[in-house]
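For clarity, every value in this text was computed on a predicted model and none was experimentally measured.
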Amino acid sequence: MTQPEQPPVNLGVELASGKRSLTLANPVMVASGTFSYGIEYAKILDVQRLGAIVTKTTTLRPRAGSPTPRIDETPAGMLNSIGLQNVGIDKVIRDFVPTWKRWRVPVIVSILGSTVDEYGECAARLDGVPAIAGLELNISSPNAQQGGMEFGQDARTAAAVTVSVLRQTSLPVIVKLTPNVTDIAEIARATVDAGADALCVVNTLQAMSIDVRARKPRIARVFAGLSGPAIKPVALRMVWQVASAVDVPIIGCGGIMTGIDAIEFLLAGATAVQVGTATFRNP
């Protein structure tokens with residue numbers, strides 16, 4: 001006896017609704033900084049299978065990034081201190097948007113400013129640009145010389161950045177939180193009260209490593225962001241805490257290497273997940 005054909009499973013998830021709607025075909029996204037702008041990876045895999053692409057963090061003007069060495073492998077992950085090297089918003093619009101317009105997969109642009117107002121300027125430049133489906137606010141990078149984590153460690157400042165961006169855009173706004181805080185739920189509530197459509201939990205943990213033979217840090221700027229399986233239990237705990245504190249979609253991020261890892265984050269309260277370091281290991 002033949003089995004009846006099963007209806008297709010709907011894996012779609014909603015990260016924002018109303019005027020700033022954002023629906024993904026499935027909950028699997030790539031994490032900012034690990035997939036560049038998606039163009040290169042499109043040559044080796046079908047990016048249309050993804051729920052969404054989050055670009056590397058982009059600033060108002062180009063940045064050269066940190067001196068080398070700026071990457072170091074750890075026993076259960078990696079350290080990076082790229083320093084947000086990027087081409088700047090103008091080049092992103094000119095060079096990458098024409099390709100994104102041909103894709104079905106939503107492209108979310110990660111932005112960072114050196115000041116609260118600069119976040120708003122970045123948002124204004126990207127508002128109304130075809131093929132950009134949303135913005136992710138990087139208020140959590142431990143590798144930014146100006147901006148980033150310093151904005152995400154104070155609830156009032158995190159809220160101010162969120163408001164600055166929302167005043168300048170009609171796009172859905174996702175705020176990426178830092179794990180380098182005492183009470184992540186407080187920061188989460190502040191950004192949601194300020195109007196954030198969704199939260200990404202979390203960015204890298206601030207860390208370092210030392211070369212005992214050279215007797216100096218392995219990273220030129222000393223401190224770096226730790227990612228990979230080592231941080232998964234911390235990220236999972238923070239997703240649980242944030243999900244208990246706010247009522248907006250949460251994107252779980254941190255050490256996801258397998259489907260089982262992803263399911264853990266969904267069970268902890270995430271609506272979607274971002275895969276980062278695993279992309280380096282096997283795209």
Do any pairs count as a salt bridge (Lys or Arg N to Asp or Glu O under 4.0 Å) and have a residue in residues 84-99, sequence neighbours left out, and if so which ones?
D90-R125, K91-D95
All side chain to side chain donor-acceptor pair (under 3.5 Å) counterparts of Q85, not counting sequence neighbours:
R70
Assigning hydrophobic clusters by single linkage (Ile, Leu, Val, Met, Phe, Trp, Tyr; side-chain heavy-atom cutoff under 4.5 Å), is W240 placed with I256?
no
Any donor-acceptor N/O pair, N180 side chain to T204 backbone, under 3.5 Å
yes
Kindly say whether G38 contributes a backbone atom to a donor-acceptor pair with the side chain of S36 at under 3.5 angstrom?
no
For A198 and V248 the tightest heavy-atom approach is CA-CG2, 4.1 Å
Set out, in order, the CA-CA distance, both residues' side-chain angles and the distance that settles side-chain contact (heavy atoms from CB on, under 4.5 Å) for V161 and V116, then state yes or no.
CA-CA 5 Å; V161 169; V116 170; 4.0 Å; yes
Could you tell me the separation between the CD atom of Q153 and the CG atom of D183, rounded to the nearest 0.5 Å?
13.0 Å
According to side-chain contact (heavy atoms from CB on, under 4.5 Å), who are the partners of A194, at least two apart in sequence or on a separate chain?
A159, T162, V163
Side-chain contact, heavy-atom cut-off 4.5 Å: E14 with P249?
no
Using only atom types and a distance under 3.5 Å, with no angle test, would you say the side chain of Q274 pairs donor to acceptor with the backbone of G252?
no
Mind checking the CZ-OG spacing from F223 to S66? Nearest 0.5 Å is all I need.
13.5 Å
Give, for atom OG of S81 and atom CE of M208, the distance between the pair rounded to the nearest 0.5 Å.
11.5 Å
Sub-3.5 Å donor-acceptor pair from the side chain of Y119 to the main-chain atoms of N138, do we have one?
yes
Any donor-acceptor pair under 3.5 Å linking the side-chain atoms of R63 with those of T58?
no
Give a yes or no on whether M257 and L205 share a hydrophobic cluster (residues Ile, Leu, Val, Met, Phe, Trp, Tyr; joining criterion: side-chain heavy atoms under 4.5 Å apart).
no
Could you tell me which residues satisfy ring-ring contact (aromatic ring centres under 6.0 Å, His included) with F265, sequence neighbours excluded, listed by chain and number?
none
Minimum heavy-atom separation for L112 to C122, with atom names?
O-SG, 3.8 Å
Side chain to side chain donor-acceptor pair (under 3.5 Å) pairs, two or more places apart, involving residues 43-56:
none
Worked check of side chain to side chain donor-acceptor pair (under 3.5 Å) between T115 and D117
CA-CA 5 Å; T115 65; D117 289 342; 5.5 Å; no
A quick test of your reading: do over 12 heavy atoms of other residues, nucleotides or ligands sit less than 6.0 Å from CD1 of I44?
yes
My understanding is that only residues two or more places apart in sequence, or in another chain, count here; which of them pass side chain to side chain donor-acceptor pair (under 3.5 Å) with S244?
none
Output the rest of the hydrophobic cluster of L15: all Ile, Leu, Val, Met, Phe, Trp and Tyr residues reachable through side-chain heavy-atom contacts under 4.5 Å, sorted by chain and number.
V13, L22, L24, M29, V54, I108, I174, I251
Supply the atom-to-atom distance I71 CD1 to N80 CG, rounded to the nearest 0.5 angstrom.
6.5 Å
Quick check on the hydrophobic clustering: are I39 and V87 connected, directly or via other members, by side-chain heavy-atom contacts under 4.5 Å?
yes
What pairs meet the salt bridge (Lys or Arg N to Asp or Glu O under 4.0 Å) rule with one or both residues in residues 189-203, with sequence neighbours excluded?
R20-D197
Rounded to the nearest 0.5 Å, what separation is found between the NZ atom of K176 and the CG atom of N203?
4.5 Å
Members other than L11 in its cluster, when Ile, Leu, Val, Met, Phe, Trp, Tyr link by side-chain heavy atoms under 4.5 Å?
V9
Looking at T59 and G113, would you say the former's side chain and the latter's main chain have a donor-acceptor pair under 3.5 Å?
no
I need the minimum non-hydrogen distance between N86 and L84, along with the two atoms involved.
ND2-O, 2.9 Å
Sequence neighbours left out, what pairs pass side chain to side chain donor-acceptor pair (under 3.5 Å) with at least one residue falling in residues 210-219?
none
Before you tell me yes or no, could you show the steps for V47 and F35 under side-chain contact (heavy atoms from CB on, under 4.5 Å), namely the whole-Å CA-CA distance, both residues' side-chain angles and the distance that decides it to 0.1 Å?
CA-CA 11 Å; V47 297; F35 213 72; 4.1 Å; yes
Under 3.5 Å donor-acceptor pairs involving side-chain atoms of residues 165-173, not counting sequence neighbours:
residue: T169; atom: OG1; partner: D127; partner atom: OD1; Å: 3.0
residue: T169; atom: OG1; partner: L171; partner atom: N; Å: 3.0
residue: S170; atom: OG; partner: D127; partner atom: OD1; Å: 3.1

Around atom CH2 of W103, are there more than 12 heavy atoms from other residues, nucleotides or ligands closer than 6.0 Å?
yes
Checking E118 against R61 for the salt bridge (charged side-chain N to carboxylate O under 4.0 Å, His left out) test, could you report, in this order, the C-alpha distance in whole Å, the side-chain angles of both residues, the deciding distance, and whether it holds?
CA-CA 10 Å; E118 198 170 287; R61 287 167 286 278; 3.5 Å; yes
Close side-chain approach of L79 and S209, heavy atoms under 4.5 Å
yes
Do D72 side-chain atoms and M78 backbone N/O form a donor-acceptor pair below 3.5 Å?
no
Provide the full list of salt bridge (Lys or Arg N to Asp or Glu O under 4.0 Å) pairs with a residue in residues 257-273, sequence neighbours left out, each pair given once.
K232-D261, K232-E264
One should read off an interatomic distance between I132 CD1 and K101 NZ, to the nearest 0.5 angstrom, of 11.0 Å
When you compare the side chains of S110 and T57, does any donor N or O come within less than 3.5 Å of an acceptor on the partner?
yes
Identify the two heavy atoms, one from T277 and one from T34, that lie closest to each other, and give their separation to 0.1 Å.
N-CG2, 4.2 Å
Looking at W100 and Y37, would you say the former's side chain and the latter's main chain have a donor-acceptor pair under 3.5 Å?
yes
To check you understand the geometry: which heavy-atom pair defines the closest contact between A188 and L177, and what is its length?
CB-CD1, 3.9 Å
Out of curiosity, does L45 fall in the hydrophobic cluster containing I53 (side-chain heavy atoms, cut-off under 4.5 Å, transitive links)?
yes
Correct closest heavy-atom pair for V273 and A262 would be CG1-O, 3.9 Å
